[in-house]
Amino acid sequence: MSTEEKPAAAPRSLAEALRGRDDAELAALLRSRPDLVTPVPTDLTQLATRAGTRASVVRALDRLDLFTLQTAQALAVAADPAPYDELLGLLAGDEGDRAVSAALPGAVRTLREQALVWGDDDRLRLVRTARELLSPSPQHPSPTGLGPTVREATAGMSPGRIQEIVTTVGLPSTHDSVSAVAALTGLFTDRERMAELLAEVPFESLEVLERLVWGPPYGQVTADPATRLRRLLDRGLLLPTAPGTVVLPREVALHLRGGRAHRTVEPVPPPVGAAATHPPQVVDATAAGQAYTALATVEELLKDWDEGGPAVLRSGGLSLRDLKRTAVALDVTEPVAAFWVELAYAAGLLASDGEADERYAATPAYDTWRERPAAERWTTLAAAWLTATRTPGLVGGRDAKDHTLSALGPGLDRSAAPEVRRRVLTLLAGLPEGAAPDAGSVSERLRWERPLRATGGAAGSGSGSTGSGSGGGDDLRSRLARWTLTEAEMLGVTGRGALSAHGRALLGMPAPKAHAERTDRSPEPTGPGDRLPVHHRPAVPPQDSPAPPSRLLTALTPAEQAAASAAAARLLAPQLPEPLDHVLLQADLTAVAPGPLQRPLADMLGVLADVESKGGATVYRFTPGSVRRALDAGRAATDLHAFLAAHSRTPVPQPLTYLIDDVARRHGHLRVGAASAYVRCDDDAMLNEILADKRAAGLGLRRLAPTVLAAQADPAGLLEGLRQMGFAPAAESAEGDVLITRTDARRTPPRTAPEPVPEGPPVPDDTLLAAAIRAVRAGDLASTAPRKAKAGEADAGAGSGELPRTGSAETLATVQAAVLTGESLWIGYVNAEGAASQRVIAPVRVEGGFVTAYDHTADEVRTYPLHRITGVAELADDEN
């Protein structure tokens with residue numbers, strides 16, 4: 001249409017600039033600013049309006065890197081519109097800077113793509129809202145440290161005072177203040193004349209300017225300024241803005257700065273340095289060992305909570321006392337225990353049971369998870385960690401209401417966490433293989449990439465100049481980066497600080513070429529995976545990289561993440577130790593497991609014995625209590641003897657045989673049931689012994705029959721009391737059968753993993769983008785289509801955005817005529833929800849109060865009730 005016919009015409013507004021973009025450019029805008037597509041704008045004018053709202057602009061500025069933000073800040077203090085050369089001068093200074101010159105086109109392109117800047121290079125315009133946010137003001141000094149222009153600073157000054165300044169600096173007097181201010185501005189922006197003027201100023205006066213030159217530009221003066229200040233005020237080098245306050249004009253500051261808007265400009269991101277470098281084989285083996293430890297830790301945590309874990313606080317979460325108990329049970333610090341608890345929760349393996357007396361317990365998904373191969377279990381944990389918004393590092397801190405943040409409780413979600421985790425790991429992937437990063441350089445890089453988030457403030461709220469983004473601020477992104485490095489090491493994504501091969505695959509990246517070559521010819525390093533030669537390890541083929549490099553900074557789709565997890569599992573599996581089917585029984589009533597045990601063996605041994613120590617080998621100890629636990633679970637003494645004989649590489653020691661037989665002989669001889677509780681036994685001598693024992697006084701026992709004792713204690717308390725007295729009672733049911741208790745009986749109802757808290761609207765996929773762009777284009781066609789002028793109208797011109805208004809009879813007649821002639825019409829339409837829109841339709845037929853037409857706006861045939869059409873207008877003759 002007209003856009004193609006007049007390509008040379010410069011856009012007069014952001015809407016016109018957007019109208020000149022092709023579909024790919026509009027898609028890039030909506031992808032970079034997804035809030036603009038929720039809901040889909042009706043036309044490009046509405047899209048431009050939405051792109052200029054404060055909330056949307058702040059969100060867009062928040063995601064700019066340091067140099068692009070500095071470019072926007074420079075535009076905010078430049079002329080409006082500003083030519084490209086002026087912008088380059090503000091960033092590179094009078095002496096120029098090759099790095100700035102090379103990086104500036106990309107920064108301007110980014111600002112244009114995100115609709116923060118529009119116009120050709122000779123007339124660059126920052127959108128009004130961004131200029132208001134970034135421009136200097138007394139309430140919100142510019143991050144550049146610059147003050148107002150001469151024109152802005154003299155707005156409230158008397159004409160006589162302005163003429164005095166003009167005369168003092170040697171300029172001819174004028175008849176009005178406007179021309180006087182223009183002459184003064186011309187002097188301050190002329191480098192040669194400005195240098196001559198400053199040469200007349202004494203050194204002590206220049207010292208005052210030097211203190212203000214980089215900001216803040218405001219200073220305080222008394223009612224009778226000193227001579228050194230009076231010289232500056234007389235020449236307009238300082239201008240009063242309020243009683244007792246003066247400001248350094250922007251033009252003067254720029255001259256003193258050598259034309260630079262910023263003290264330090266960083267066009268190139270700071271590099272991530274390597275703190276140490278390790279052989280890649282060592283990195284992979286160490287990470288695999290950490291991955292195996294992570295699986296064992298999560299299993300141990302949930303095994304302890306099999307019969308019901310800690311109670312849920314009334315406000316939600318885990319109490320500090322229960323967190324300490326968990327840390328002691330896992331033999332870790334409390335922050336580390338909080339990480340493992342939160343990880344199990346994020347993976348959907350742990351939840352509250354929802355009962356009246358609410359407690360934490362494993363979910364049914366935990367049983368399914370335990371049966372999967374070790375490498376797949378690890379990828380479940382790692383993928384959950386990578387995408388979770390819950391942040392365990394905040395546990396123990398304070399929220400906005402000064403309440404303590406507890407593990408599994410509310411207030412731990414930070415929407416930036418997934419992005420920071422993925423970005424940190426991507427930075428690690430950019431280092432040479434086997435290199436561990438310097439944590440400080442990682443934080444510096446993140447501050448450069450998101451400077452506004454590093455300062456924690458909205459655009460334009462800071463004061464002083466924007467430097468490198470470094471500094472002592474312990475912002476959230478820096479803490480998230482530190483926590484990411486620590487948690488990745490504990491989880492086994494990294495080894496010795498360097499990204500492992502399976503960690504790289506988890507991100508959706510292909511294995512490095514060096515790794516693929518190593519898998520073909522290098523010997524296997526000693527470590528957890530020393531049972532298989534390296535050439536048996538499958539390298540990640542190119543198709544195992546589900547996401548292209550451009551997607552590495554964003555979250556993967558579910559399908560891409562599933563493919564990445566599968567690739568990571570294939571790389572990790574050969575590195576993990578093979579589960580063993582045997583233990584070594586010793587004469588001191590212990591069993592040594594020289595490595596991880598197969599699931600049935602580990603489960604049974606966990607019931608029959610107590611873990612005494614962990615490490616490279618796990619030591620189990622057999623005690624009367626542990627043997628009784630196995631008998632309570634329904635195992636007979638013969639089953640236990642056969643189990644130990646089948647799984648021991650050493651002969652079953654005689655003391656262990658005697659222990660099992662002795663406990664089995666006494667097990668179940670006493671029976672406990674509910675009366676309040678009772679004890680029955682065929683041996684009345686044993687009951688006499690119990691009654692005579694002083695330790696039984698608290699149980700409230702009395703004889704009901706020669707073989708039955710009644711108790712005031714409940715059955716569970718009675719069982720525990722008799723066991724502490726050295727007996728081995730068994731619980732029985734109402735029918736008199738022995739009750740078999742199993743350790744894995746406690747499970748929550750089916751629970752799903754917690755959903756991450758989104759940082760904002762999700763990035764639209766290609767299907768949604770295509771549909772949105774088609775709808776916006778069609779709506780723009782409807783709103784801008786030229787219409788025929790009616791009688792009495794000089795020129796209808798393009799659509800004004802208002803709905804057409806015609807009477808019902810005129811509407812019906814116009815539509816019927818369009819059916820006969822095949823012409824298209826411009827209509828206003830109000831749907832059932834009351835939303836109004838403009839459409840261009842080609843009517844096909846009219847009957848029964850409805851018009852069926854091809855809707856150019858929706859690109860499909862639709863039927864519209866005539867009573868919902870507000871009016872019609874014919875399109876101009878050059879429109880189809």
Side-chain angles (χ1 to χ4, degrees), residues 289 292-307 309 328-331 340 349 362 366-374 377 528 531 576-665 667-668 723 728 730 740-747:
Y292 172 74
T293 301
L295 295 177
T297 303
V298 172
E299 288 188 30
E300 183 179 358
L301 167 69
L302 295 178
K303 181 180 178 181
D304 288 341
W305 292 5
D306 262 346
E307 296 183 3
V328 171
L330 298 179
D331 194 22
W340 294 119
L349 309 179
Y366 170 62
D367 297 316
T368 304
W369 177 77
R370 289 181 67 206
E371 299 303 321
R372 296 169 61 189
R377 285 187 281 134
R531 292 173 178 78
L576 295 175
E578 291 291 337
L580 304 177
D581 61 354
H582 65 273
V583 294
L584 306 176
L585 296 178
Q586 303 186 104
D588 61 349
L589 297 179
T590 61
V592 177
L597 300 177
Q598 293 180 352
R599 176 68 55 206
L601 175 57
D603 291 344
M604 184 60 203
L605 198 59
V607 176
L608 181 56
D610 298 323
V611 176
E612 188 170 79
S613 65
K614 304 173 187 176
T618 304
V619 178
Y620 294 86
R621 178 165 295 279
F622 300 94
T623 66
S626 67
V627 174
R628 183 181 65 245
R629 188 169 61 233
L631 296 173
D632 286 344
R635 299 284 183 170
T638 55
D639 298 332
L640 301 182
H641 289 309
F643 168 79
L644 293 173
H647 293 92
S648 176
R649 289 291 177 87
T650 58
V652 179
Q654 196 174 51
L656 180 55
T657 302
Y658 288 162
L659 173 64
I660 293 174
D661 290 339
D662 184 56
V663 174
R665 187 180 305 110
H667 183 265
R723 286 171 178 169
I740 297 175
T741 58
R742 301 193 183 277
T743 58
D744 58 350
R746 182 83 171 194
R747 289 291 182 268

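What you see is a predicted model; the values in this text were computed from it and never measured.
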Visitor: Can you tell me how far OG1 of T657 sits from CG of D662, rounded to the nearest 0.5 angstrom?
Guide: 12.5 Å
Visitor: Closest approach of A329 and D304, non-hydrogen atoms and distance?
Guide: CB-OD2, 3.7 Å
Visitor: Identify the two heavy atoms, one from A637 and one from D661, that lie closest to each other, and give their separation to 0.1 Å.
Guide: CB-OD1, 4.5 Å
Visitor: Check this for me, if you would: do R629 and D632 make a salt bridge, where the nitrogen-to-carboxylate-oxygen distance has to be below 4.0 angstrom?
Guide: no
Visitor: Looking at residues at least two apart in the chain, or sitting in another chain, which of them share a side-chain hydrogen bond (donor to acceptor under 3.5 Å, both in side chains) with D331?
Guide: none
Visitor: Quick one: closest heavy-atom pair of K303 and G606, and the distance?
Guide: NZ-CA, 3.6 Å
Visitor: Can you tell me how far NE2 of H582 sits from CG of L597, rounded to the nearest 0.5 angstrom?
Guide: 8.5 Å
Visitor: Once you round to the nearest 0.5 Å, how far does CH2 of W369 lie from CG of L295?
Guide: 5.5 Å
Visitor: Could you walk me through whether L608 and V627 pass the side chain to side chain contact (heavy atoms under 4.5 Å, CB included) test, one step at a time?
Guide: CA-CA 5 Å; L608 181 56; V627 174; 4.3 Å; yes
Visitor: What pairs with P655 under side chain to side chain contact (heavy atoms under 4.5 Å, CB included), at least two apart in sequence or on another chain?
Guide: L589, P653
Visitor: Can you measure from CG (L301) to CH2 (W340) and round to the nearest 0.5 angstrom?
Guide: 10.0 Å
Visitor: So, do D581 and R649 sit near enough that their side-chain heavy atoms are less than 4.5 Å apart?
Guide: yes
Visitor: Between L659 and P624, is any pair of side-chain heavy atoms under 4.5 Å apart?
Guide: yes
Visitor: Which residues pass the side chain to side chain contact (heavy atoms under 4.5 Å, CB included) test with A636, not counting sequence neighbours?
Guide: T638, D639
Visitor: Between L585 and S648, what is the shortest heavy-atom contact and its length?
Guide: CG-OG, 3.4 Å
Visitor: Applying side chain to side chain contact (heavy atoms under 4.5 Å, CB included) to M604 and R635, what does each step give before you reach the verdict?
Guide: CA-CA 10 Å; M604 184 60 203; R635 299 284 183 170; 3.6 Å; yes
Visitor: Please find the pair of heavy atoms, one from A630 and one from V607, that lie closest to each other, and give the distance.
Guide: CA-CG1, 3.7 Å
Visitor: Please check if the side chain of H667 supplies one atom and the backbone of V663 the other of a donor-acceptor pair under 3.5 Å.
Guide: no
Visitor: Are any of the side-chain heavy atoms of V619 and V611 separated by less than 4.5 Å?
Guide: no
Visitor: Do you know which of D588, L640, L644 makes side-chain contact (heavy atoms from CB on, under 4.5 Å) with F622?
Guide: L644
Visitor: So do T650 and Q586 actually touch side chain to side chain, heavy atoms under 4.5 Å?
Guide: no
Visitor: Of all the heavy-atom pairs spanning S626 and R621, show the shortest one and how long it is.
Guide: OG-O, 4.1 Å
Visitor: Answer whether the closest heavy-atom distance between the side chains of V652 and H641 falls below 4.5 Å.
Guide: no
Visitor: Please check: side-chain N/O of R377 versus main-chain N/O of R372, any donor-acceptor pairing under 3.5 Å?
Guide: yes
